Amino acid sequence: MTTATFSKDAWYAVAAVDAVGPGEVMPATLFGTERVLWRDADGEAHVWDNRCIHRGMRLSFGFVDGDRLCCRYHGWAFGPDSQCVRIPAHPDMTPPGDFRIPAAPSVEAGGLVWTTLDDAAEFPGVSALDGLVFCRTVAFAADAAAVAAILDDAEFALPGGGAPDGFDRSLEPGGITVIRASGENGVTLAVALQPVGPGTCQAHVFAGPVSGDAAALRRHFARWAQRLRLQVAAGQEAAA
Amino acid sequence: MTITDDAASLNEWYAVAGMDDLRVNGPRRTRLLGQDIVIEPAANGAPCVATAGEGAGRELPSQVLYGYVWASLGEPARSPLDMPEFAEDRRRFVDCGTVTVRTSPYRVVENFLDMAHFPYVHTGILGEEPLTVVEDYTVEIRQPEDEIWATDCTFYQPKAAMSAEGGIQTRYEYRVGAPCVTVLYKTCPVVEDAWDLIGIFVQPREEDLCDVHVWMLLIDDATPLASLLSFQHMIFVQDRSILENQVPAGIPLDVGAEMAIPGDKMSMTYRRWLRQKGIVFGTSRATA
């Protein structure tokens with residue numbers, strides 16, 4: 001298997017769908033380009049430039065008012081189409097049509113929110129996550145490519161204990177590494193990597209199938225992700 | 001770490017140390033426009049000496065004014081702004097300390113000149129929804145001083161100052177005496193028809209890092225110093241959470257780089273004035 005590569009024009013996961021609930025706002029960064037991810041009261045997720053067009057304030061510090069994202073600095077409110085709809089300093093003014101936050105493409109699929117820096121890139125689909133549950137998002141102080149290289153050799157114990165006979169690995173669209181334990185009760189682990197910027201990335205970790213105790217499965221692979229984090233940190237330290 | 005050749009910036013006066021701070025802590029080693037400088041009380045009768053560079057260094061033009069040591073890396077063509085209120089006996093000077101902020105000095109000044117953020121950044125203190133309207137005001141560049149003045153500014157404030165009892169319609173005048181020097185005149189809650197002065201002298205250390213020297217000149221004998229300081233610190237910490245999250249840190253001076261509304265005319269005048277002076281250090285042009 002070849003190691004995953006991370007091109008700037010591809011789609012990547014930026015958060016688990018539950019990480020940003022209705023009315024919540026968070027930063028979502030790809031290759032150092034800052035985006036804001038927020039979900040309106042109707043449940044729709046939006047990914048925009050993380051910068052107010054007025055005075056450059058990061059919108060990830062903003063607040064949601066119904067179907068609007070409001071800037072923390074002056075309360076400018078932007079509707080779901082990212083057009084400015086209200087300027088509190090001049091409430092009677094209709095904001096001009098070019099008072100608009102550049103919006104990025106976004107898709108919710110497989111339990112994750114996805115976006116891309118390339119407006120023309122087509123969403124590849126993420127069937128690799130079908131039947132799996134989200135376990136955890138882990139941040140790494142390492143390039144996505146460095147973590148991907150570690151995933152090439154990564155192994156895991158079965159949730160009930162014991163090691164599988166072996167592992168099958170594949171690379172799937174969306175920067176997802178899938179590792180399947182061999183055997184009839186084989187467990188599948190899938191990791192969607194988010195290249196946040198130089199020397200930093202996030203891994204969104206999924207596992208399945210959910211045959212019994214989903215919470216135990218989540219816990220098992222959340223701990224696995226935590227250990228991987230320590231392993232990467234130790235590797236970085238050794239290299240330094 | 002940029003050492004600038006921006007003459008417009010080099011030839012300005014900057015407050016680089018509080019006299020209170022110098023008395024208590026001794027010589028201050030700091031930075032100005034990307035260069036090392038040292039400010040120390042002088043033995044030769046002068047109140048202080050500022051030097052740039054390593055070792056003995058180069059002695060800089062310096063002076064003590066309004067409770068601060070001022071220095072320049074170039075040849076300033078004019079004196080710092082004139083504030084006759086400093087000579088009034090009834091007034092109390094409050095050195096509110098120095099706050100380090102990771103952004104351009106001009107973002108700091110621009111925020112200081114801005115009323116529209118009061119209800120959102122200083123909620124329940126300097127402003128409160130739904131009273132968010134910025135009423136029209138007058139802004140002009142006064143000559144020959146070459147200062148920006150904004151007058152007839154008003155804003156409803158739930159708690160305009162430590163000495164304020166309940167909300168008042170606060171009147172303001174804003175003044176920019178130099179690119180990094182600004183002061184506001186604000187309704188004194190205690191004495192009718194008098195202004196309190198609140199000012200910031202911004203010391204640009206790097207393109208995107210500054211020390212903000214904050215002071216007040218009040219007609220208020222009653223409020224304990226600790227209360228005055230904690231009030232001002234609370235306000236400034238709220239401002240800093242905004243200032244360090246504006247991107248880019250360098251202020252854009254090109255018209256249209258950031259959207260503006262009529263209430264921003266003070267900010268737009270300030271940006272145009274900086275552009276006409278040819279200021280580069282701390283602007284988006286410097287890093288572009």
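A note on names: the letters A, B, ... follow the listed sequences, proteins ahead of strands, and every chain is numbered from 1. Quantities reported herein were computed from a predicted structural model and do not represent experimental measurements.
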Considering distance alone, list the donor-acceptor pairs between chain A and chain B shorter than 3.5 Å.
residue	atom	partner	partner atom	Å
Arg51(A)	NE	Val247(B)	O	2.4
Arg51(A)	NH2	Val247(B)	O	3.1
Arg51(A)	NH2	Glu258(B)	OE2	2.8
Ile53(A)	O	Met259(B)	N	2.8
His54(A)	NE2	Asp264(B)	OD1	3.4
His54(A)	NE2	Asp264(B)	OD2	2.7
Arg55(A)	O	Arg107(B)	NH1	3.2
Arg55(A)	O	Gln246(B)	NE2	2.8
Arg55(A)	NH1	Met259(B)	O	3.2
Arg55(A)	NH2	Ser267(B)	OG	2.8
Gly56(A)	O	Val247(B)	N	2.8
Arg58(A)	N	Asn245(B)	O	2.9
Arg58(A)	NH1	Asn245(B)	OD1	2.8
Tyr73(A)	OH	Asn111(B)	OD1	2.6
His74(A)	NE2	Asp114(B)	OD1	3.3
His74(A)	NE2	Asp114(B)	OD2	2.8
Pro88(A)	O	Thr132(B)	OG1	2.8
Ala89(A)	O	Val134(B)	N	3.0
His90(A)	NE2	Gly263(B)	N	2.8

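Of the listed residues (Val121(B), Leu243(B), Ile251(B), Ile261(B)), the one with the most heavy-atom contacts under 4.5 Å to chain A is Ile261(B). When the candidates Val134(B), Val133(B), Ile242(B) are compared by the number of heavy-atom contacts under 4.5 Å with chain A, Ile242(B) comes out ahead.
Interface remark: Pro262(B) contributes backbone and side-chain atoms alike to the contact with chain A (heavy atom separation under 4.5 Å). Contact annotation for Ile53(A): both backbone and side-chain heavy atoms come within less than 4.5 Å of a heavy atom of chain B.
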